[in-house]
2 protein chains.
Amino acid sequence: MQTVADALGLSRATVSLALRDASKIAEETRLRVQAEAARLGYIPNRNAVRLRTQQRNVIGLVVPDITNPVVAEAAIGMQMGLEDRSMIVLLSNTFDDLTMQRHVLRQLVEEQVAGVLLLPALGTTAVELERLRAARIPVVLLNRAVPESDLPIVHVLDAEIVGIAFEHLVVEHGAQSLGYFGGIGDAGPRIQRMESFSRLCAAEDVRVMEAWSAPSPSSAIAARELAHRLLGSAEPLPDALIVHNDIIAIGVLRALNEFSISPSELRVVSIDDVELASITTPSLSSVSIHPRDLGRTAGHRLLAALSGEVFDGALEAPSLARRESCGCGSAPVAVG
Amino acid sequence: MQTVADALGLSRATVSLALRDASKIAEETRLRVQAEAARLGYIPNRNAVRLRTQQRNVIGLVVPDITNPVVAEAAIGMQMGLEDRSMIVLLSNTFDDLTMQRHVLRQLVEEQVAGVLLLPALGTTAVELERLRAARIPVVLLNRAVPESDLPIVHVLDAEIVGIAFEHLVVEHGAQSLGYFGGIGDAGPRIQRMESFSRLCAAEDVRVMEAWSAPSPSSAIAARELAHRLLGSAEPLPDALIVHNDIIAIGVLRALNEFSISPSELRVVSIDDVELASITTPSLSSVSIHPRDLGRTAGHRLLAALSGEVFDGALEAPSLARRESCGCGSAPVAVG
DNA sequence: TTGAAAGCGATACCAA
DNA sequence: TTGGTATCGCTTTCAA
């Protein structure tokens, strides 16, 4: 293309300059070049540019499941946090599969990406990330920590979240027995939250209902089945439940509904506050983690790492959306 | 790196060959090279490879909103349809904004992507895609058609979907009056479906309730508000509603619930059948469009276009998931 | 079987 | 202010 462009008597070098660096080129030449380039429909080849300049403008986003609304929101937040710098996002789903993740990470290294935002697959260890480290590609972890690794991580403040839900249920609603329902058993988030949960229950003398504190995959259907099983068993009901996330909570709500158990009998506070939470029946009280902000912050953090800056941004604090499922009364109905 | 690799006495060319093309290289040399490469942690530079070979292994996926579960599912389906060919997916959200879409498409052209899967932003016209055409980048459209353009499109079979819902409501449930609720007014899908809907209603002498056939954005909250407004007004209820998608339907269901209107009074059949549909209260009868299959098919179609093959795959036919919201009885409860 | 050299499309240095 | 030329990392003839 360059050669075509100097079909107006100039050298490629001049054209190259004229198309970017404004200085050092006669205003008139520049305009002529730009006009001609536009006329010919010239489009620079990013691959060549990258090869020559070592420029890196691609960010890898690696997640287990983009279908998860929180993940999708975070992805969008990240894209928003990056777009001004004309960064491009390479997305990959790992399906929580280590082999897949290995494959993907290798590809990203080959692509010479500027950095990687990683929501690690279950079972990810530091060795999995060795290649990235060797290639000196900055990595920011999202939500799930990786054992033995000191990578920067942006994550929801588990202790704070659990604290908010706990405080609301115990202090405001007077719950005496609690369960922490769902979440993948050996994944970071559940482990972290269970820890806070247990500590709080012990400190405030609240009874922990073990059966209702079982793990569950992030699926409404699976959660509903589990809740069904518990409701059909002799297990006593706790006063309230903190549910690992909204998707799981929707399954639980459905089960409670089928057993005609009202929020006053079993209060539910969930975590995430996705859009759907306000619209379920009963509507779902949920601790909002502001997933978009999470993604945006992670993006900024990665950018900071790229330019060697110190990162100073903080995550938006979680906050409780009070709705019906905890017994806080009816949902606000916005009718026009 | 190559230079480092021939620190074992060979030329870069030999190394390059040894690392891929098995023939023409002594078995022993090859092994030595590969061992050394592994030891040194050599990673080929995709940019250089692409530049030299003109190889293209990146596919652009451009969608308005990855947060939409159907879109997310389709994205995953596409990724699955592509992965064996070691293709990489560049994802971008346009937020249904034309300026954004222009920006993104330009980036994709610069990246020299092999092809683009595009779920066009509202208002996209053929001129928007001119650049892609000029760069001879194959495009496959997803779901929304682009006026004046003859690009191949993979889309849900709107007429068939509406037919299934209509038939179920009118023939099996005896509905005499119907509404087609929601969908973006000037977007392809709603227009297509409204057309089928009107034709069917006319043919079968079913009354079309105009007020209940209003457009609505794809948001449960907005849909609920609209339904609220209608329920609070003097508008008569139709016997049944075909709802544009599950997200909208969830909002509608919530509104009906708040007005204590049961499925027998207003039957609802929705479109999409996302996972959540089986778990709402009442559970949502929905025409499944198999979004993953949609994505996979689109991916295959694009691959076919890349290699100049004729595309022969067909889309999975839509099918109705009968649940409670149309009055088909209680949801199957899978209790262990 | 291996090596030398050209070239992919751009940038950047140094002269002119 | 412009042009010549080396270079980025790799593949690919063509000879040796």
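What you see is a predicted model, and the numbers here were worked out from it, not measured in a lab. Values below: all heavy atoms of this structure, side chains included; hydrogens, waters and symmetry mates excluded. Residue numbering restarts at 1 for every chain, and letters A, B, ... go by the order of the sequence lines.
Annotation: the terminal axes of the helix from C/dT1-D/dA16 to C/dA16-D/dT1 meet at 40°, where each axis is the rotation carrying the C1' atoms of four end pairs onto the next four (5 pairs per end, rounded to 10°).
For the pair A/Asn47 CG and D/dT11 C1', the interatomic distance rounds to 15 Å; values are reported in whole Å. Straight-line distance from the CD atom of B/Glu110 to the P atom of C/dG9: 15 Å, rounded to whole Å. The distance between atom CD of B/Gln55 and atom P of D/dT11, rounded to the nearest whole Å, is 9 Å. Here D/dG9 presents its P atom at 16 Å from CG of B/Leu19, a figure rounded to the nearest Å. Between the C1' atom of C/dG7 and the CZ atom of B/Arg50 lies a distance of 18 Å, rounded to the nearest Å. Going from atom CD1 of A/Ile25 over to atom C1' of C/dT11 covers 13 Å, rounded to whole Å. Nucleotide C/dC8 holds its P atom 18 Å from the CG atom of B/Asn45, rounded to whole Å.
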Please list, pair by pair, any protein nitrogen or oxygen found under 3.5 Å from a nitrogen or oxygen in nucleotides 13-16 of chain C.
none

Between the protein and nucleotides 6-8 of chain D, are there any N/O to N/O pairs under 3.5 Å, and if so, what are the atom names and distances?
residue, atom, partner, partner atom, Å
D/dT7, O2, A/Arg52, NE, 3.4
D/dT7, O2, A/Arg52, NH1, 2.8
D/dC8, O2, A/Arg52, N, 3.4

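Within the structure, every pair that satisfies the side chain to side chain donor-acceptor pair (under 3.5 Å) test and touches residues 138-154 of chain B, not counting sequence neighbours, is listed here: B/Asp96-B/Arg144.
The side chain of A/Leu10 sits closest to D/dG3 out of C/dA10, D/dT1, D/dG3. For A/Ser16, the side-chain atoms get nearest to C/dT11 when compared with the rest of D/dT11, C/dT11, D/dC10. Distances from the side chain of A/Thr14 to the nucleotides D/dT2, D/dT11, C/dA10 place D/dT2 closest.
For the residue pair B/Arg12 / B/Ser16, no side-chain donor-acceptor distance below 3.5 Å is found, with atom types taken as modelled. At a cut-off of 3.5 Å, with distance as the only test, no side-chain donor of A/Ser92 or B/Gln79 sits close to an acceptor on the other residue.
How far CG of B/Leu10 is from CZ of B/Arg32: 5.5 Å, rounded to the nearest 0.5 Å.
Nucleotides of DNA chain D nearest to A/Thr29 and B/Arg20 differ in position, and the one nearer the 5' end is that of A/Thr29.
Looking only at side-chain heavy atoms (C-beta outward), A/Asn68 and A/Ile66 stay at 4.5 Å or farther from each other. At a threshold of 4.5 Å between non-hydrogen side-chain atoms, the residues A/Val89 and A/Met78 count as touching. Residues B/Val154 and B/Leu315 are in side-chain contact: their nearest non-hydrogen atoms beyond the backbone lie under 4.5 Å apart.
B/Asp272 places no side-chain N or O within donor-acceptor distance of the main-chain N or O of B/Val274, the cut-off being under 3.5 Å. Of the possible polar contacts, one joining the B/Gln101 side chain to the B/Ala121 backbone as a donor-acceptor pair under 3.5 Å is found.
Residues passing the salt bridge (charged side-chain N to carboxylate O under 4.0 Å, His left out) test with A/Arg190: none are found, sequence neighbours excluded.
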Report, one line per pair, each donor and acceptor closer than 3.5 Å where one atom sits in a side chain of residues 291-298 of chain B; sequence neighbours left out.
residue, atom, partner, partner atom, Å
B/Arg292, NE, B/Glu73, OE1, 2.7
B/Arg292, NH2, B/Glu73, OE1, 3.3
B/Asp293, OD1, B/Arg296, NH2, 3.2
B/Asp293, OD2, B/Glu316, N, 2.8
B/Thr297, OG1, B/Asp293, O, 2.7

